[in-house]
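Okay, structure first, notes after.
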Amino acid sequence: MSKFVLIGSGLAGGLLAAYLGRRGYEVDLYERRADPREGNMVGGRSINLALSTRGIHALEQIGIADEVLKHAIPMRGRMIHPAGAGARTIFAPYDVDPNKHINSIGRAALNTTVIEAAQRYPNVRVHFNHKCTDVDLDSATANLLNSASPARTSSSQPLNSSTTQPITASGDAVIGVDGAFSAVRQSMQLKIDNFEYDESYLAHGYKELTIPPGPNASWRMEKEALHIWPRKSFMMIALPNPDGSFTCTLFWEFEGPRSFATTKTDDDVRRFFCEEFPDAVPLMPNLLDDFKNNLTGSLVTIRCAPWFYKDKVALVGDAAHAVVPFYGQGMNAAFEDCVVLDECLAEFAQDRQRAFTEYFARRKANADALADLALENFIEMRDKTASRTFRAKKKLDHFLEAALPGIYLPLYTMVTFTGIPYAEATRRARLQDRIMYGSLAALILALLAILVRAVA
Ligand SMILES: Cc1cc2nc3c(=O)[nH]c(=O)nc-3n(C[C@H](O)[C@H](O)[C@H](O)COP(=O)(O)OP(=O)(O)OC[C@H]3O[C@@H](n4cnc5c(N)ncnc54)[C@H](O)[C@@H]3O)c2cc1C
């Protein structure tokens, strides 16, 4: 049986190892961080995420969806917190069907669950504290620095030359599941002629803040909702956690007259939050410490091609297609990659290059479509959700979805609650909009014509 070397045991790495393990492949999974079960937070990314239909489907295939969903909190719609002191919140359901919801799930718990699912297969071995530096593509060999030597006594001890040992890991193929700043992809960039690569950063960064639990681990705002404070050029969101807390994320400009760059002192922070999020401030007793101590992350979109090299190397998840988080789909799409790659490897079991080629062909256009959708949704979330016209359009969407079941599906529904490929969902939504607006225009013209005739 072939042997795969996987680099990165984040969300997709663990799941892919489980899929490959189930097929009977030998799998060695290398992760630069310590074992998350040793209390090492999967830092640098969000604490919690929205898991939806595509991700759940991928977890179901490997039999761990129920285990994951046990820890999830359903979010049935957006709870909009308009600007201005005393403004009342507005709830906007995600779908006409109240049973359709997305799920708030802790990244660390999910990461642990997928790693444990992989480790149930005796042919899967997970090696923590191994950082990949580069990959020799032709021999499918990863060069790694092992910091798990006895000399390293603590998982928080930094990697340095005195505590790391170089090792190599060879297989029939190396798969880079090592996230947006993938070392595997960098090796492909150096080796493959005409490798296409594009990375673009938003002018906004993000910072995580906390609303702690209320008395008896209760939630201090509506629990089953994704809270949004839309403020036109920026916004804050909050997702519920099982312990009664909410994790808030402020998406704000890095630079500018009012921005992360100009908000330095406690007074600056307090003033900004009291002006913009007055209802949240009393719920955030640790605001000043959180703001000072938590990192400000950047938001990147990465597109590249191809996602494979011969039958030797392939990329999965953010390593192939990092997207900004505004559609809540990055992880869901990464999980969908695992399903498709697994299907392709089964379909072309004797020809791995063909399997990689098919996987890339089936996913690339969809990843590109998702990247665009995610960027567009930032404008929807931070600006449009506050507008009456936008909420009226959502209601019309839900009305048409109920009136024309199976024929009319709002874009959000297709992306979040179905497995319709992202590119097809985008095309279908554009067509629906053309028909809907065309029909409305025709109706208005017909009414005008009747009116003119009646007056004449
Ligand atoms: C603020 C924010 C909010 C988000 N919210 C959502 C959401 O609600 N829903 C959603 O679906 N998606 C969301 N995402 C996107 C989601 O986090 C990613 O799409 C997802 O984590 C991708 O999984 P991955 O396994 O490809 O990469 P990662 O989860 O980044 O995992 C990569 C792994 O590789 C390891 N690694 C990296 N380099 C090396 C190396 N050189 N050697 C060895 N190991 C290495 C890392 O330590 C890590 O464990 C969000 C992202 C952000 C930034």
Side-chain angles (χ1 to χ4, degrees), residues 5-17 29-36 40-56 58 72 75 102-108 110-112 114-115 126-135 142-147 159 169 174-187 202 204-208 226 237 239 247-251 294-302 315-338 367 370-371 374 377-378 415-416:
V5 171
L6 266 53
I7 306 297
S9 80
L11 299 177
L15 188 69
L16 183 63
L29 172 54
Y30 293 92
E31 165 59 43
R32 70 175 171 190
R33 298 178 197 268
D35 189 333
N40 158 52
M41 238 327 279
V42 193
R45 286 301 180 88
S46 58
I47 288 167
N48 53 18
L49 309 107
L51 172 69
S52 52
T53 298
R54 294 166 203 268
I56 294 171
M75 297 184 289
I102 57 177
N103 302 277
S104 174
I105 179 90
R107 186 183 287 266
L110 181 54
N111 202 184
T112 298
V114 290
I115 290 170
V126 186
H127 314 269
F128 295 103
N129 301 306
H130 283 74
K131 180 181 174 174
C132 173
T133 52
D134 62 295
V135 174
N143 295 311
L144 300 130
L145 290 175
N146 169 13
S147 57
L159 293 181
V174 173
I175 305 196
V177 212
D178 48 345
F181 303 100
S182 166
V184 179
R185 189 187 62 229
Q186 275 166 27
S187 296
L202 286 189
H204 294 68
Y206 70 94
K207 192 183 279 292
E208 292 200 332
L226 188 153
I237 64 169
L239 273 68
T247 304
C248 305
T249 312
L250 170 66
F251 295 96
N294 295 354
L295 290 174
T296 308
S298 53
L299 297 160
V300 66
T301 302
I302 288 173
L315 299 173
V316 166
D318 277 16
H321 51 76
V323 299
V324 293
F326 305 110
Y327 229 113
Q329 284 295 313
M331 161 195 61
N332 288 285
F335 282 2
E336 216 174 35
D337 285 351
C338 299
L370 174 60
N377 218 44
F378 187 26
V415 168
T416 309

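Whatever order the structure lists them in is the order used to number ligands and atoms, beginning at 1.
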Item to complete: Heavy-atom distances under 4.0 Å are what count here, so tell me which part of Ala50 touches ligand 1: side chain, backbone, both or neither.
Response: both
Practice prompt. Heavy atoms only: give me the nearest Gly176-Val184 pair and the separation to one decimal.
Written response: CA-CG2, 3.6 Å
Worksheet item: Does the N or O separation between Cys132 and ligand 1 drop below 3.5 Å for any pair?
Response: yes
Item to complete: May I ask you to check if ligand 1 and Arg107 share an N or O to N or O distance below 3.5 Å?
Response: yes
Item to complete: Please could you name the atoms of ligand 1 that Val177 approaches to less than 4.0 Å, counting only its heavy atoms?
Response: 32 (C), 33 (C), 34 (O)
Fill in: Arg33 and ligand 1 - part of the residue with a heavy-atom distance under 4.0 Å
side chain
Worksheet, complete the sentence: The atoms of ligand 1 lying under 4.0 Å from a heavy atom of Gly179, numbered in the order shown, are 27 (O), 30 (O), 32 (C)
Worksheet, complete the sentence: Nearest heavy-atom approach of Asp178 to Ala183 is OD2-N, 2.8 Å
Worksheet item: Would Glu208 count as a contact of ligand 1 if the rule is a heavy atom under 4.0 Å away?
Response: no
Worksheet item: For Ala142, what residues pass the side chain to side chain contact (heavy atoms under 4.5 Å, CB included) criterion, not counting sequence neighbours?
Response: Val5, Ile7, Cys132, Val135, Leu144
Worksheet item: Counting each atom of ligand 1 from 1 as listed, which ones have a heavy atom of Gly317 under 4.0 Å away?
Response: 26 (O)
Response to the item:
For Ile7, the ligand 1 atoms with a heavy-atom partner under 4.0 Å come out as 42 (N), 43 (C)
Worksheet item: So, for Met75 and Ala50, which heavy atoms are closest and what is the spacing to 0.1 Å?
Response: CE-CB, 4.1 Å
Fill in: Per-atom contacts of ligand 1 with Gly10, taking only distances under 4.0 Å to non-hydrogen atoms
25 (O), 31 (O), 33 (C), 49 (O)
Fill in: Under-4.0 Å heavy-atom contact with ligand 1, by part of Tyr206 that carries it
side chain
Worksheet, complete the sentence: Minimal heavy-atom distance between Leu29 and Gly13, with the atoms involved, is CD2-O, 4.0 Å
Worksheet entry | Minimum heavy-atom distance between Leu49 and Leu239, given as atom pair plus value | C-CD2, 4.0 Å
Worksheet item: If you measure every N/O of Thr249 against every N/O of ligand 1, is any gap under 3.5 Å?
Response: no
Discussion item. Measuring only between side-chain heavy atoms, which start at C-beta, is Asn377 closer than 4.5 Å to Val415?
Written reply: no
Worksheet item: Using the ring of each side chain (for Trp, its six-membered ring), is Phe378 parallel, tilted or perpendicular to Phe326, with breaks at 30° and 60°?
Response: parallel
Worksheet, complete the sentence: Closest non-hydrogen contact found for Arg33 with Phe128 is O-CB, 3.4 Å
Worksheet item: Quick one: which ligand 1 atoms are inside 4.0 Å of a heavy atom on Gly330?
Response: 10 (C), 11 (O), 12 (N), 15 (C), 19 (O)
Worksheet item: Heavy atoms only: which of Leu11, Asp337, Leu16 is nearest to atom 23 (O) of ligand 1?
Response: Leu11
Worksheet item: Short N/O distance, under 3.5 Å, between Ala183 and ligand 1?
Response: no
Worksheet item: How about Glu31 and Ile115: do any of their side-chain heavy atoms sit closer than 4.5 Å?
Response: no
Item to complete: Please identify which atoms of ligand 1 are closer than 4.0 Å to at least one heavy atom of Met331.
Response: 10 (C), 11 (O), 12 (N), 15 (C), 16 (C), 18 (C), 19 (O)
Discussion item. So, taking the atom named CD1 in Ile47 and the one named CD1 in Ile105, what distance separates them when rounded to the nearest 0.5 Å?
Written reply: 14.0 Å
Worksheet item: Just distances here: any N/O of Glu31 and N/O of ligand 1 closer than 3.5 Å?
Response: yes
Worksheet item: Between Asn48 and ligand 1, which residue portion shows a heavy-atom distance shorter than 4.0 Å: side chain, backbone, both, or neither?
Response: neither
